Amino acid sequence: MPELPDVEGFRGVLERCGQGRRVRKVDVRDAGVLRDVTAERLQVAVEGRSFAEPRRHGKFLVAPLDDGSGPALVWHFGMTGALLCAPADEPPHDHDRVLLTLDDGNRLGYRDQRKLQGIRLAETPDDVDALLADLGPDALTIDRAGFLDLLADRRGAVKSLLMDQSALAGLGNLLSDEILWRARIAPDRPAREIEEAEARGLFTAMGRVLDTAVRDARVPPRRNWLTGHRDDPEPECPRCGNPLDSRRVSGRRTVWCPHCQR
DNA sequence: ATACCTCCCTGTGGGC
DNA sequence: TGCCCACAGGGAGGTA
């Protein structure tokens, strides 16, 4: 599930619920979500420290502790992860894998059904940089010139480019389909063959889709968006009414309108 | 450089 | 209310 807008929402959860709060207790209920760190190390590193200002890059959420010069928690939410804030005495959900009890009676929970990604501990700011080193620029902050350069440098399908985290960080399958639909560009078009005017339109569509999705903290399944139709039994394009098509592009289910998208 | 495959996990829904 | 399979909005690693 989580793409850039969802993770931006989790950043907000962490900011409102965690920032400035001290972690009283780290409860690892399922160590299967810990990546390159043991439950013991996580406890020692985090308990007694407080959350500084969190930040996001692509689909990663970074939570530096104390003054930011030492360890940081680095979250990735995979397909099914979420960060939730709840009163500490609320019974945990089955999929709450790690619980962080705060000093104000609240509790941050990393909830994740599938455990495809998880939580890392960066020991230093340099470690954080190393974890994020392979990511391209964030989709929310890249400028138009940088975006046009990405397209020009890429031979393969434009959808593969949008989804490639090392080229552009933050877009997932749903957002990519939505943005391409909005810009009327077929997902399998080679990126470098997209005309400049279309490419500018694609950049604008990305910005608008992201703005709305960030406000909703998800890709909203509105009926006038593609996303609102992709799971219909016989999906039709909300713009032209023609049937939507669906097939795999770069290994992911891809929905588009063959009539509108060229 | 890029596309495809498998794998990592769990749960759900459809077909039988 | 059983079994089996494909599939789901994540990514990594290996191959051609």
Side-chain angles (χ1 to χ4, degrees), chain A residues 1-10 28-36 56-62 74-83 93-98 110-120 130-136 138-139 149-182 187-194 206 209-210 212-214 216-222 225-235 244 246-256:
Chain A
M1 176 190 345
E3 305 179 58
L4 186 157
D6 309 77
V7 181
E8 187 60 23
F10 303 147
V28 177
R29 305 176 76 238
D30 184 342
V33 298
L34 302 186
R35 303 288 146 133
D36 308 319
R56 179 195 58 74
H57 190 98
K59 300 173 190 172
F60 283 86
L61 177 60
V62 180
V74 180
W75 273 278
H76 194 297
F77 299 90
M79 272 189 176
T80 50
L83 187 69
H93 185 277
D94 269 0
H95 297 144
D96 285 341
R97 312 296 186 181
V98 176
Y110 177 69
R111 185 175 297 177
D112 188 16
Q113 176 193 105
R114 282 174 70 185
K115 300 188 280 187
L116 290 173
Q117 292 291 323
I119 303 175
R120 292 177 171 80
L131 285 174
L132 306 181
D134 290 338
L135 296 176
D138 189 80
D149 286 347
L150 281 181
L151 290 174
D153 286 344
R154 188 82 162 204
R155 255 180 293 194
V158 60
K159 172 157 179 183
S160 305
L161 168 67
L162 295 181
M163 301 243 318
D164 181 350
Q165 302 301 299
S166 69
L168 181 66
L171 305 185
N173 197 34
L174 282 195
L175 274 173
S176 300
D177 282 2
E178 190 68 45
I179 291 163
L180 288 164
W181 175 79
R182 182 85 70 105
D188 57 357
R189 283 270 296 283
R192 61 154 66 160
E193 290 173 18
I194 292 173
M206 178 172 77
V209 168
L210 281 176
T212 305
V214 165
D216 267 41
R218 63 179 182 152
V219 189
R222 301 181 179 178
W225 283 39
L226 182 70
T227 307
H229 296 264
R230 55 188 298 136
D231 294 325
D232 293 353
E234 289 183 28
L244 295 172
S246 171
R247 74 179 167 84
R248 288 188 173 275
V249 173
S250 35
R252 304 280 173 206
R253 187 165 76 109
T254 298
V255 177
W256 84 102

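All values reported here derive from a predicted model rather than from experimental measurement. Every chain is numbered from 1 and lettered A, B, ... according to where its sequence line falls, protein lines coming before strand lines.
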Could a donor-acceptor pair under 3.5 angstrom be found where the side chain of A:Arg252 meets the base of C:dG11? yes
Interatomic distance, [X] [atom1] vs [N] [atom2] [rounded to whole Å]:
| X | N | atom1 | atom2 | answer |
| --- | --- | --- | --- | --- |
| A:His57 | C:dG10 | NE2 | C1' | 16 Å |
| A:Asp177 | C:dG9 | CG | C1' | 10 Å |
| A:Lys159 | B:dT2 | NZ | P | 17 Å |
| A:Asp188 | B:dT2 | CG | C1' | 15 Å |
| A:Arg222 | C:dG9 | CZ | P | 20 Å |
| A:Leu34 | B:dC9 | CG | P | 13 Å |
| A:Arg120 | C:dA12 | CZ | P | 8 Å |
| A:Leu135 | C:dG11 | CG | C1' | 11 Å |

Considering only heavy atoms from C-beta outward, does the side chain of [X] approach that of [Y] to under 4.5 Å?
| X | Y | answer |
| --- | --- | --- |
| A:Arg230 | A:Arg253 | yes |
| A:Leu244 | A:Leu226 | yes |
| A:Thr212 | A:Arg222 | yes |
| A:Phe60 | A:Leu131 | no |
| A:His57 | A:Val62 | no |
| A:Leu171 | A:Leu210 | yes |

Among [options], the one nearest [X] by side-chain distance:
| X | options | answer |
| --- | --- | --- |
| A:Leu116 | B:dC8, C:dG11, B:dT10 | B:dC8 |
| A:Gln117 | B:dC9, C:dG11, B:dG11 | C:dG11 |
| A:Gln113 | C:dG9, B:dG11, C:dA8 | B:dG11 |
| A:Arg248 | C:dC7, B:dA3, C:dG9 | C:dC7 |
| A:His95 | C:dC7, B:dT2, B:dG11 | B:dG11 |
| A:Arg155 | B:dT2, C:dG10, B:dT10 | B:dT2 |

Check the phosphate of [N] against [X], side-chain N and O only, distance under 4.0 Å to OP1 or OP2. Yes or no?
| X | N | result |
| --- | --- | --- |
| A:Lys115 | B:dC8 | no |
| A:Arg114 | B:dC7 | no |
| A:Arg253 | C:dA8 | yes |

Do side-chain atoms of A:Glu3 reach the backbone of A:Leu175 as a donor and acceptor pair under 3.5 angstrom? yes
Could A:Arg182 and A:Trp225 be counted as a cation-pi pair, given that NZ or CZ must be under 6.0 Å from the ring centre and within 45° of the axis? yes
Considering every strand and a 4.0 Å limit on heavy-atom distances, what is the contact class for A:Gly251: base, sugar-phosphate, or nothing? nothing
Where DNA chain B forms runs of at least three Watson-Crick or G-U pairs (i with j, i+1 with j-1, under 3.5 Å), the stems are B:2-8 with C:10-16, B:10-16 with C:2-8
If you measure from the Lys or Arg side-chain nitrogens to the Asp or Glu carboxylate oxygens, is any gap between A:Asp177 and A:Lys159 under 4.0 Å? yes
For atom [atom1], what is the distance between [N] and [M], given to the nearest Å?
| N | M | atom1 | answer |
| --- | --- | --- | --- |
| C:dG2 | B:dC9 | P | 27 Å |
| B:dT6 | C:dC5 | P | 15 Å |
| B:dC8 | C:dC3 | P | 23 Å |
| C:dG9 | B:dT2 | C1' | 23 Å |

Which parts of residues 160-173 of chain A get close to DNA chain C, meaning a heavy atom less than 4.0 angstrom away? A:Gln165, A:Gly172, A:Asn173
If we check side-chain contact (heavy atoms from CB on, under 4.5 Å) with A:Phe77, which of these qualifies: A:Leu61, A:Asp6, A:Asp112? A:Leu61
Between A:Asp96 and A:His93, a side-chain donor and acceptor under 3.5 Å: no
